[in-house]
Amino acid sequence: MLESPLSAVSAAAAAVPATPAETGMLRSALHVSARQLRTAIGGAARLPSSHISRLPPASALHLPALRLPSRPLPLLSRASPSALSASAPRFPSPASLPYGATRARGITSASAAASGSDGAAAPSVAVAADEAESSSGGSGGVTEKEVAKARGGKKGVRKDGNDAASGAAAKSGSGSGGESSGEDDVEVELPREPLPTNESSEKLLRIRHTSAHVMAMAVQRLFPKAQVTIGPWIQNGFYYDFDLDEPLTDKDLKKIKKEMDKIMFKNLPLRREEVSREEAARRIKEINEPYKLELLDSIQTEPITIYHIGDEWWDLCAGPHVESTGKLPRKAIELESVAGAYWRGDEKRAMLQRIYGTAWESEGQLQQYKRQVEEAKRRDHRKLGKELGLFSIQEDAGGGLVFWHPRGARVRSMIEEYWRQEHLRRGYELLYTPHMAKLDLWKTSGHYEFYRENMFDQMEVEEEHYQIRPMNCPFHIMLYNDSLHSYRDLPIRWAELGTVYRYERSGTMHGLFRVRGFTQDDAHIFCLPSQIRDEIRGVLDLTETMLTDFGFQQLEINLSTRPEKSVGDDAIWEQATQALREALADKGWEYSVDEGGGAFYGPKIDVKIMDAIGRKWQCSTIQVDFNLPHRFGMVYVDADGTRRPPIMIHRAIFGSLERFFGILIENYAGDFPLWFAPTQLRLLPVTDSELPFCKEVVASLLERGIRAEVASGERLGKLIRNAETQKIPVMAVVGPREVESRCLNVRTRKGGELGALSVDEVARKIEEAVANKGYL
């Protein structure tokens, strides 16, 4: 028997500093105050995780019956209108902060954070980050300063030397109670303003286009035998494809950049020249550039335009460019990587070397972009999917085919159930249709004619050809045509989580973002022309609700109108396009118009979301279709007895479950909100003696629909770290005292320590947070 309960802690203490989470958990398990714990370990806040499980049970230590104050941080659930503006995310978390927040160890600073492209400031729920006692479990906790001292560092100071604790911190479990280990502790300073885009800044577009030309000129200076092909601007920079005998290396990229700098220093003018097609062909043959000759043949307009850099280099180009190479911001341009690319995207043709570069208006923007790239790597859904046991791509089964692991399948199941309930509430009926059909169906729909290269080969069954489906639309149309409909029956809203299969080349697949088999959250509305506006408005309302419920508050809207080649008469196109405009006006949404960018069968609305680090993702689409009703002979009986074709509206909100899940992983860095986290609560028994009670608690919580589990078989310190690494939202240490009092010592990732709570109280708090789609 130990003489002093604190001597047990002191005896176990070693030189390895513990995380605040481990300190808080042990303090809760042993029922000692923070002051007692600090005294036991010499005030250094050291707690070796390797020794935690070697401590005697709390009951054997004869500790005084101390209770930790149950003083949780306020719930971070849906904020009140006074707390958040309409443009701010409703669910603040370290993983989904407005673009511009700064994240330090255990503290998330959102002072002066900017929320999006409209420039609206994103509010933050702020607390002072320099509290003397920052443990959320109550006064007397181990402070962040003490923990930092034990680790040999200073409180709240990032590696770049800036004070991360200055100003205000977004409250997501700040202080020692909110800190976690592993990837969560990466210090990331996100940019305060969104980066410009090619669409928002013509200056940036000119810089990138000219940078591509300067790079090509530099390459041909260093590698005279190199042949150039195409070199466009792209989302974050530019690229150029080259036919080179020797493979380029990182060392070569540095040489090319130095040569680019020389060209920029010379301030060479860029000059536009118009020539005839014959003259352009003559010049191309003269310098022996066969790829340019092929490009010339594909240019349909006259005259042919050429851009010169000084008197040394030129290329076929329509522009635009800066006036001279000296106008390029040399320090805002970098070459990033080299990749292989087939000429014209055809694997049967030459393999070229593609050099990617990035270019910005200033060096500050470049540094901001590079930080964003590093943060994107940390959030990569392929890496996190493996680490968190969410999904995998089993190459032995085939590329682009997703295997959902139990934890990932739980999230998918919750997304699907949420999707179903939201649709049923809004008057949709749910469908299930086959995964394949006779080839004739796809010929009728036009997919076989226009989409064949993206479809898998057919299979022969009893001398008939069947096609695995690339789309769900024809199946819904067949159900519509199964009976005759009156105008009184319309609108009809049918929705299906339908799995489709599309051929993707092996080199184009990318985690969950581009796969060969995926499930669309598909729906089709069949309505009267006069109902288009109301139906579109209903889809926009549903889109807003579903995307914001998952934490995406900033939306970018695009309306695409009639292209040159289209089906349908002028009157119906005008009516449909006007209905889309009016529905957007009803919502009060600003939108961009892509004149002529609609599908050949009707106008459409596309919705992009912005994630936690400022990237935009195409998700939702709403398309009016005049083509398929005509192809399939769809009709309804109008009030005057005539038969007319209905208007068909295609719409998807998530796009596909696989891609949307990948976006969610990266948006939240795998640290999902409580309501769709794969595990909501994990019980951590101090010894195996508490296992029966833990299993009893888990069973009762599962009965209430709470995703609870128990982890055992390791030392307590490791169990805690595993829970943190796996981003478990709520965990509870269970020792002999908890078994005796039938309560749990609860700790959350967002709110820190909640103290000792009854099982029923824990369940009610989780249920409340889930109902509010918030956090504990």
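All of these numbers come straight from a predicted model, not from anything done at the bench.
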Q. In this structure, are over 12 heavy atoms from other groups packed under 6.0 Å from Arg488 atom CZ?
A. no
Q | Separation of Ile572 CD1 from Arg562 CZ (nearest 0.5 Å) | A | 10.5 Å
Q: Verify whether one side chain among Gln368 and Gln372 offers a donor that lies under 3.5 Å from an acceptor in the other.
A: no
Q. Does Lys565 make a cation-pi contact with Phe600 (under 6.0 Å, within 45 degrees of the axis)?
A. no
Q | Sequence-distant partners of Ser201, side chain to side chain donor-acceptor pair (under 3.5 Å), two or more places apart | A | Glu361
Q. What are the two closest heavy atoms between Leu674 and Gly774, and how far apart are they?
A. CB-O, 3.7 Å
(Q) What I want to find out is whether Glu416 reaches Arg412 closely enough, with some N-O distance under 4.0 Å, to be called a salt bridge. (A) yes
Q. Is a side-chain donor or acceptor of Arg643 paired with a backbone partner of Val635 at a separation under 3.5 angstrom?
A. no
Q | Within 6.0 Å of CD in Gln367, more than 12 heavy atoms from elsewhere | A | yes
**Q.** Asn772 side chain to Glu768 backbone, donor-acceptor under 3.5 Å
**A.** yes
Q. Can any side-chain N or O of Ser200 pair as donor or acceptor with the backbone N or O of Pro196 at less than 3.5 Å?
A. no
**Q.** Leu776 vs Lys750, side chain to side chain contact (heavy atoms under 4.5 Å, CB included): CA-CA, chis, key distance, verdict
**A.** CA-CA 6 Å; Leu776 270 182; Lys750 307 302 179 185; over 6 Å; no
(Q) I need the single residue from Phe661, Phe518, Phe391 that forms a ring-ring contact (aromatic ring centres under 6.0 Å, His included) with Trp404. Which is it? (A) Phe661
(Q) Within the structure provided, determine whether Cys527 and Ile649 are in side-chain contact (heavy-atom separation under 4.5 Å). (A) yes
Q) Just by distance, with hydrogens left out, do Thr519 and Thr499 show a side-chain donor and acceptor under 3.5 Å apart? A) yes
Q: Start with the C-alpha distance between Glu556 and Tyr591, add both sets of side-chain angles, then the distance that settles side-chain hydrogen bond (donor to acceptor under 3.5 Å, both in side chains), and finish with yes or no.
A: CA-CA 7 Å; Glu556 181 180 287; Tyr591 59 92; over 6 Å; no
Q: Indicate yes or no: at least one non-hydrogen side-chain atom of Gln680 is less than 4.5 angstrom from one of Val730.
A: no
Q. Does Trp419 have its ring centroid less than 6.0 Å away from the ring centroid of Phe660?
A. no
Q.
Please check this pair: side chain of Gln554 against backbone of Ile609, looking for a donor-acceptor N/O pair closer than 3.5 Å.
A. no
Q: Verify the distance criterion only: is there a donor paired with an acceptor across the side chains of Glu595 and Thr561 at less than 3.5 Å?
A: yes
**Q.** Basic-acidic side-chain contact under 4.0 Å: Arg764, Glu767
**A.** no
Q) Is the distance between the ring centroids of Trp494 and Tyr428 under 6.0 Å? A) no
Q: To the nearest 0.5 angstrom, please state how far the OH atom of Tyr636 sits from the OH atom of Tyr487.
A: 10.5 Å
Q) Hey, does the Lys NZ or Arg CZ of Arg469 hover above the aromatic six-ring of Phe475, less than 6.0 Å from the centre and inside 45° of the axis? A) yes
Q: Would you confirm whether the ring centroid of His485 sits within less than 6.0 angstrom of the ring centroid of Tyr480?
A: yes
Q) Taking it one step at a time, do Glu374 and Lys370 satisfy salt bridge (Lys or Arg N to Asp or Glu O under 4.0 Å)? A) CA-CA 6 Å; Glu374 288 305 310; Lys370 290 168 73 174; over 6 Å; no
Q. Is the ring centre of Trp442 less than 6.0 Å from the ring centre of Tyr451?
A. no
Q: State, to 0.1 Å, how close Ile653 and Thr543 come at their nearest heavy-atom pair, and which atoms those are.
A: CG1-OG1, 3.7 Å
Q.
Within 45 degrees of the ring normal and closer than 6.0 Å to the centroid, is that where the cationic atom of Arg208 sits relative to Trp360?
A. yes
Q) How long is the span from the NE2 atom in His650 to the NE2 atom in His476, to the nearest 0.5 Å? A) 11.0 Å
Q: Verify, without hydrogens or angle tests, whether Ser486 (side chain) and Asp489 (backbone) share a donor-acceptor contact under 3.5 angstrom.
A: no
Q: Would you mind reporting whether Gln623 and Met648 have side-chain heavy atoms less than 4.5 Å apart?
A: no
(Q) Could you tell me if Thr621 and Asp606 have a donor-acceptor pair between their side chains, going purely by distance under 3.5 Å? (A) yes
(Q) Treating Arg516 as the side-chain partner and Glu504 as the backbone partner, does any N or O pair qualify as donor plus acceptor under 3.5 Å? (A) yes
Q: With the side chain counted from C-beta on, respond yes when Ile477 and Arg631 share a heavy-atom pair under 4.5 Å apart, and no when they do not.
A: no
(Q) Working note: Ser620 + Arg651, criterion side-chain hydrogen bond (donor to acceptor under 3.5 Å, both in side chains); need CA distance, chi angles, decisive distance, verdict. (A) CA-CA 7 Å; Ser620 311; Arg651 47 113 297 200; over 6 Å; no
Q. How far apart are the C-alpha atoms of Trp617 and Phe552, what are their side-chain angles, what is the distance that settles it, and do they pass the ring pair (Phe, Tyr, Trp, His ring centres under 6.0 Å) test?
A. CA-CA 11 Å; Trp617 302 90; Phe552 301 106; 9.2 Å; no
Q. When you measure from the side chain of Gln531 to the backbone N and O of Leu528, does any donor-acceptor pair fall under 3.5 Å?
A. yes
Q: Take Glu375 and Arg371 through the test salt bridge (Lys or Arg N to Asp or Glu O under 4.0 Å) and record every step on the way to the result.
A: CA-CA 6 Å; Glu375 178 65 4; Arg371 288 194 296 270; over 6 Å; no
**Q.** Residues, nucleotides or ligands: over 12 heavy atoms within 6.0 Å of His630 NE2
**A.** no
(Q) So which atom in Leu497 and which in Arg420 form the shortest heavy-atom distance, rounded to 0.1 Å? (A) CD1-NH2, 4.0 Å
Q) Are the ring centres of Phe550 and Phe676 closer than 6.0 Å? A) yes
Q: State plainly whether the residues Arg644 and Asp638 are in salt-bridge range, i.e. N to O under 4.0 Å.
A: yes
Q) Taking Ser413 for the side chain and Ala409 for the main chain, is one N or O donor matched with an acceptor at less than 3.5 Å? A) no
Q | Main-chain N/O of Gly655 paired with Asp521 side-chain donor or acceptor, under 3.5 Å | A | yes
Q: May I have the step-by-step check of salt bridge (Lys or Arg N to Asp or Glu O under 4.0 Å) for Asp541 and Lys587, ending in yes or no?
A: CA-CA 8 Å; Asp541 288 343; Lys587 287 292 294 178; 2.9 Å; yes
Q) Could you walk me through whether Asn472 and Asp522 pass the side-chain hydrogen bond (donor to acceptor under 3.5 Å, both in side chains) check? A) CA-CA 7 Å; Asn472 300 307; Asp522 217 350; 3.0 Å; yes
Q.
Between Thr545 and Arg426, is there a side-chain donor-acceptor contact under 3.5 Å, judged purely by atom types and distance?
A. yes
Report all side-chain donor-acceptor pairs from residues 575-582 shorter than 3.5 Å, counting only partners two or more places apart or in another chain.
{"from": "Gln575", "atom 1": "NE2", "to": "Pro529", "atom 2": "O", "distance (Å)": "3.4"}
{"from": "Thr577", "atom 1": "OG1", "to": "Trp573", "atom 2": "O", "distance (Å)": "2.8"}
{"from": "Gln578", "atom 1": "NE2", "to": "Glu582", "atom 2": "OE2", "distance (Å)": "3.3"}
{"from": "Glu582", "atom 1": "OE1", "to": "Arg533", "atom 2": "NH1", "distance (Å)": "3.1"}

Q: Using modelled atom types only, decide if a donor and an acceptor are shared between the side chain of Ser656 and the backbone of Arg659 within a distance under 3.5 Å.
A: yes
